Amino acid sequence: MTAPHPRYRRAIAIPLGMATATALAFLPGATASAATVPDTVAGVTGAVNDVLASVGTADATALSYVVNVRPGSGPSAQVKTAIADAGGTIVTSYDKIGVIVVHSSNPDFAKTIRKVRGVESAGNTRNAPLPAQSTTDEGTPKALSSAEIAKASADATAEQDPLESLQWDLPAIKADKAHEKSLGSSKVTVAVIDTGVDDTHPDIAPNFNRAASVNCVTGKPDTTDGAWRPSASESPHGTHVAGEIAAAKNGVGMTGVAPGVKVAGIKVSTTAGYFYTEAVVCGFMWAATHGVDVTNNSYYTDPWYFNCTDDPDQKALVDAITRASRYAEKKGVVNVAAAGNENYDLTADEITDPSSPNDGTPSDRVIDPSKCYDIPTQLPGVVTVAATGAKGIKSSFSNYGLGVIDVAAPGGDSTSYQKPEPPATSGLILGTLPGGKWGYMAGTSMASPHVAAVAALIKSTHPYASPALVKALLYAEADATPCTDPYDINSDGKVDAVCEGSKNRNGFYGWGTVDALDAVTK
């Protein structure tokens with residue numbers, strides 16, 4: 001059976017010339033599948049593929065689990081024995097946070113292991129047997145044509161990279177002015193926890209940190225050279241994000257928000273495009289121990305859009321990723337995440353989630369967002385980012401909510417809703433694509449890396465700042481953005497979302513729109 005499309009957080013791939021028609025899918029009332037980012041077919045090469053293949057060969061019904069015990073020196077002999085007796089095989093153990101990754105074909109494994117003394121929570125991380133099922137790629141962004149590149153290059157000023165004239169998002173957060181003061185420090189690294197990064201891209205290669213890059217798809221780090229790269233048929237999502245953050249100001253292509261900092265690739269997405277708990281835990285733990293200063297998380301953890309803590313399986317997933325993200329912050333990492341693309345009010349009394357589990361049989365379920373969490377977006381300490389368009393107002397698709405959204409940044413929107421000033425032509429966000437190309441995408445997936453990059457600029461300015469101080473400066477330096485009231489993004493006379501709060505902090509923009517110039521001067 002082919003699994004429903006998983007959704008990255010949430011890159012909306014809109015080919016050039018199709019922005020208006022496609023963006024209509026993100027209006028309130030549209031089906032959830034319309035706002036998805038399609039996943040891809042094809043295999044992973046190297047050690048990760050070998051591991052997944054061996055699991056599938058051994059038992060086609062095997063699932064992956066996390067077993068959470070007390071953090072310390074590792075699982076006790078009693079827990080190890082109980083895992084084996086229940087038909088489980090330990091893949092790896094993150095002893096510092098007490099998270100054990102296990103594979104088992106026993107359908108009652110989690111139920112059995114939760115009764116064992118010393119086990120605090122346990123649950124399956126997926127519904128599809130290992131390896132996860134693949135689906136077809138329907139949304140790859142269209143690369144800029146040679147004519148479009150030539151036109152943009154002609155419009156660029158002497159101080160700009162050739163494609164910078166298309167990047168309305170840079171002046172929107174004063175990044176162009178910030179670059180006159182500082183490009184950021186090469187001692188600062190932003191890790192893109194995502195679908196993989198093509199470090200051979202000419203805009204990424206100068207700033208790529210190989211030592212901080214890894215493949216975490218199985219839940220266990222694979223440091224094979226190039227394992228962090230997406231294959232030719234996998235999603236370009238992570239590469240696009242990496243370019244937004246740190247595309248070098250080198251006379252080639254585009255310019256990142258922080259073009260002087262380093263960027264790393266931590267690949268956590270399966271070939272089918274799923275971001276499972278064990279991979280995300282691995283990603284945070286790798287960042288915590290490899291000199292990463294900021295992580296960008298433009299995804300939600302599959303297969304549940306919201307993980308409800310009154311469900312023992314879903315609670316285990318929340319526990320595991322909470323432990324990992326908190327550990328990373330304790331080790332000096334600022335974690336930034338996208339808010340999502342469903343135009344949900346994340347402070348509503350209830351939300352109907354029609355797409356979970358997205359690797360099984362989804363159904364409409366009504367959840368309470370105060371008890372059911374989008375992870376890692378809604379975890380404690382994580383910077384939650386909403387998206388804005390070229391006119392500086394909430395993107396039509398961006399989730400929102402007073403007290404949930406921390407800051408806002410450009411994520412793009414339909415050009416017909418928010419058209420940029422010339423010479424920019426598209427209301428979407430330009431980014432790098434694998435194979436030395438550039439193209440447009442949109443979503444809170446694109447907003448989050450803008451914030452991660454500004455956090456990196458703050459860290460460059462204040463190299464000894466703790467994550468708490470970096471976040472405090474990020475919020476204090478943001479430009480207060482008042483509620484858009486009424487919010488009628490498509491001008492049809494109907495309110496599409498309601499913003500609550502004051503100018504200084506509200507549900508659409510949090511503390512405001514991030515400011516890159518303040519990040520390098522204050």
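The structure presented is a predicted model; accordingly, all values stated were derived computationally and were not measured. Positions are given from 1 along the sequence.
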Query raised in the report: Roughly how far apart are I351 CD1 and D374 CG, rounded to 0.5 Å?
Result: 9.5 Å
Query raised in the report: According to the interplanar angle, ranging from 0 to 90°, do the rings of Y299 and F275 count as parallel (below 30°), tilted (30 to 60°) or perpendicular (above 60°)?
Result: parallel
Query - Partners meeting side chain to side chain contact (heavy atoms under 4.5 Å, CB included) with K330 (sequence neighbours left out) - result: none
Query raised in the report: Please, which pairs that meet salt bridge (charged side-chain N to carboxylate O under 4.0 Å, His left out) have at least one residue in residues 275-296, sequence neighbours excluded?
Result: R126-E278
Report task. Could you pull out all residues at least two apart from W168 that satisfy ring pair (Phe, Tyr, Trp, His ring centres under 6.0 Å)? Result -> none
Report task. Taking the six-membered ring for Trp and the single ring otherwise, decide whether the centroids of F109 and Y65 are under 6.0 Å apart. Result -> yes
Requested in this report: Taking side-chain hydrogen bond (donor to acceptor under 3.5 Å, both in side chains) as the test, write out the residues that go with T189, two or more places apart.
Outcome: N209
Report summary line: Closest non-hydrogen contact found for V336 with S448 is CG1-OG, 3.5 Å
Report task. Please assess K174 against D515 for the test salt bridge (charged side-chain N to carboxylate O under 4.0 Å, His left out), listing each intermediate value before the final yes or no. Result -> CA-CA 6 Å; K174 306 175 195 171; D515 189 319; 2.8 Å; yes
Requested in this report: Not counting sequence neighbours, which residues clear side chain to side chain contact (heavy atoms under 4.5 Å, CB included) with L183? List them please.
Outcome: H179, K249, P259
Query raised in the report: Which atom names give the shortest non-hydrogen contact between V292 and A212, and what distance separates them?
Result: CG2-CB, 4.2 Å
Report task. For residues H240 and W438, establish whether the separation of their ring centroids is below 6.0 Å. Result -> no
Query raised in the report: With a 6.0 Å cut-off on ring centres, are W228 and F208 close enough?
Result: yes
Query raised in the report: Does any pair with a residue in residues 462-472 pass side chain to side chain donor-acceptor pair (under 3.5 Å), and if so which ones, sequence neighbours excluded?
Result: E329-K471
Query raised in the report: For the residue pair Y344 and F397, is the inter-centroid distance of their aromatic rings smaller than 6.0 Å?
Result: no
